[in-house]
Amino acid sequence: MIKAAPSILSGDFSRMGAETARMEKAGADMIHCDVMDGVFVPNLTFGHKMIADIRKCAVLPLDVHLMIVKPERYLDKYIQSGADRLAFHVEATDSAKENLVSIKNSGIKAGIAICPETPIDALFPLLDYADFVIVMGVHPGFSGQKYIPETTDKIKTLRAEIVRRGLAVEIEMDGGANEDNVAMIADAGADIIVSGSCAFNSPTPEKVIATFQGRTRGR
């Protein structure tokens, strides 16, 4: 079964506690938190204080996605803020392996994310150190974008490499997912699907989440 991870980026920032509870009630598996610094991506969201505040009211795991340059400067702060899963971008650091090891040694799950322009095999040397990979289905920085079709083949290639090496690495697809393309994304080999506007803007987010979860991952 596919796991659904609504992105709080699409929620009402004045009601983060209520928005988190709304997605939990709708049946989400985790809450995805997009941290943007206005440098790595052309947008600015929130920092570790917001993660800590969401942690106070969230029951579900917090899936924190760092879209910031030199993430190693802040890993400890996000770990301490209550992240259960912490990912950073391969394009944003020269210390990817060291960062993954550091996150795993803290006792939480370590992830590595990749932008649409970056070849998927750039992640292959890091798979032995990661618990999950975030494959971006849109250009990082803004919610509401359309899914980039080439993402599907990237997921298939990544799934094949994970299977070939016998690794237990989850694939998380972030961006552009909706009820129309979720089957294709799942069939390609995704384990977790992040959805922002599709879930938060729906009058019935429980139906959106159930549609996602009703899919079975392909191989």
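No hydrogens, no waters, no symmetry mates; every other heavy atom, side chains included, goes into these values.
Between L62 and G82 the shortest heavy-atom distance is CD1-O, 4.2 Å. Contact detail for I120 and I114: the closest heavy-atom pair is CA-CD1, 3.9 Å.
Expressed to the nearest 0.5 Å, how far SG of C33 lies from NE2 of H48 amounts to 14.0 Å. Here the CG atom belonging to L86 is positioned 10.0 Å from the NE2 atom belonging to H65, to the nearest 0.5 angstrom. Atom OH of residue Y74 and atom CG of residue D37 lie 8.5 Å apart, to the nearest 0.5 angstrom. Taken from CD1 in I51 to CD in Q80, the straight-line distance is 13.5 Å, to the nearest 0.5 Å. In this structure, I193 CD1 and I185 CD1 are separated by 5.0 Å, a value rounded to the nearest 0.5 Å. Considering CG of D180 and OG1 of T211, their distance stands at 10.0 Å, rounded to 0.5 Å.
At least one side-chain heavy atom of D29 sits less than 4.5 Å from a side-chain heavy atom of Q213. Considering only heavy atoms from C-beta on, D12 stays 4.5 Å or farther from R22 through its side chain. Residues C115 and F40 are in side-chain contact: their nearest non-hydrogen atoms beyond the backbone lie under 4.5 Å apart. Using a 4.5 Å heavy-atom threshold, the side chains of V169 and L158 count as separate.
Judged purely by atom type and a 3.5 angstrom limit, E172 has no side-chain atom pairing as donor or acceptor with the backbone of I192. A donor-acceptor pair under 3.5 Å is absent between the side-chain atoms of T204 and the main chain of E206, judged by distance alone. Checking side-chain atoms of E19 against main-chain N and O of I8 turns up no donor-acceptor pair under 3.5 Å. A donor-acceptor distance shorter than 3.5 angstrom exists from the side chain of N181 to the backbone of N178, with no hydrogens or angles considered. Side chain of R73 to main chain of K70: a donor-acceptor pair is present (N/O by atom type, distance under 3.5 Å, no hydrogens or angles). At least one donor-acceptor pair under 3.5 Å links the side chain of S106 to the backbone N or O of I103. E72 places no side-chain N or O within donor-acceptor distance of the main-chain N or O of T93, the cut-off being under 3.5 Å. Of the possible donor and acceptor atoms, none in the side chain of S102 sits under 3.5 Å from a partner among the backbone N and O of E98.
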Working note: D34 + D174, criterion side-chain contact (heavy atoms from CB on, under 4.5 Å); need CA distance, chi angles, decisive distance, verdict. CA-CA 10 Å; D34 289 304; D174 182 0; 3.8 Å; yes
Working for side-chain contact (heavy atoms from CB on, under 4.5 Å), residues V138 and Y147: CA-CA 6 Å; V138 298; Y147 180 76; 5.5 Å; no
side-chain contact (heavy atoms from CB on, under 4.5 Å) evaluation trace for D63 with K3: CA-CA 12 Å; D63 183 44; K3 295 178 183 177; over 6 Å; no
When you look at D121 and E161, which way does the side-chain contact (heavy atoms from CB on, under 4.5 Å) test go after all the steps? CA-CA 9 Å; D121 59 7; E161 180 68 8; over 6 Å; no
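For the pair R159 and D191, the salt-bridge criterion is met [side-chain N within less than 4.0 Å of a carboxylate O]. Here R85 does not pair with D131 in a salt bridge; the nearest charged N to carboxylate O distance is not below 4.0 Å. A salt bridge links R55 with D84; the closest basic N to acidic carboxylate O contact falls under 4.0 Å.
More than 12 heavy atoms of other residues, nucleotides or ligands sit less than 6.0 Å from atom NZ of K104.
The side-chain hydrogen bond (donor to acceptor under 3.5 Å, both in side chains) test with T118 singles out one residue from E91, H89, K154, and that residue is E91.
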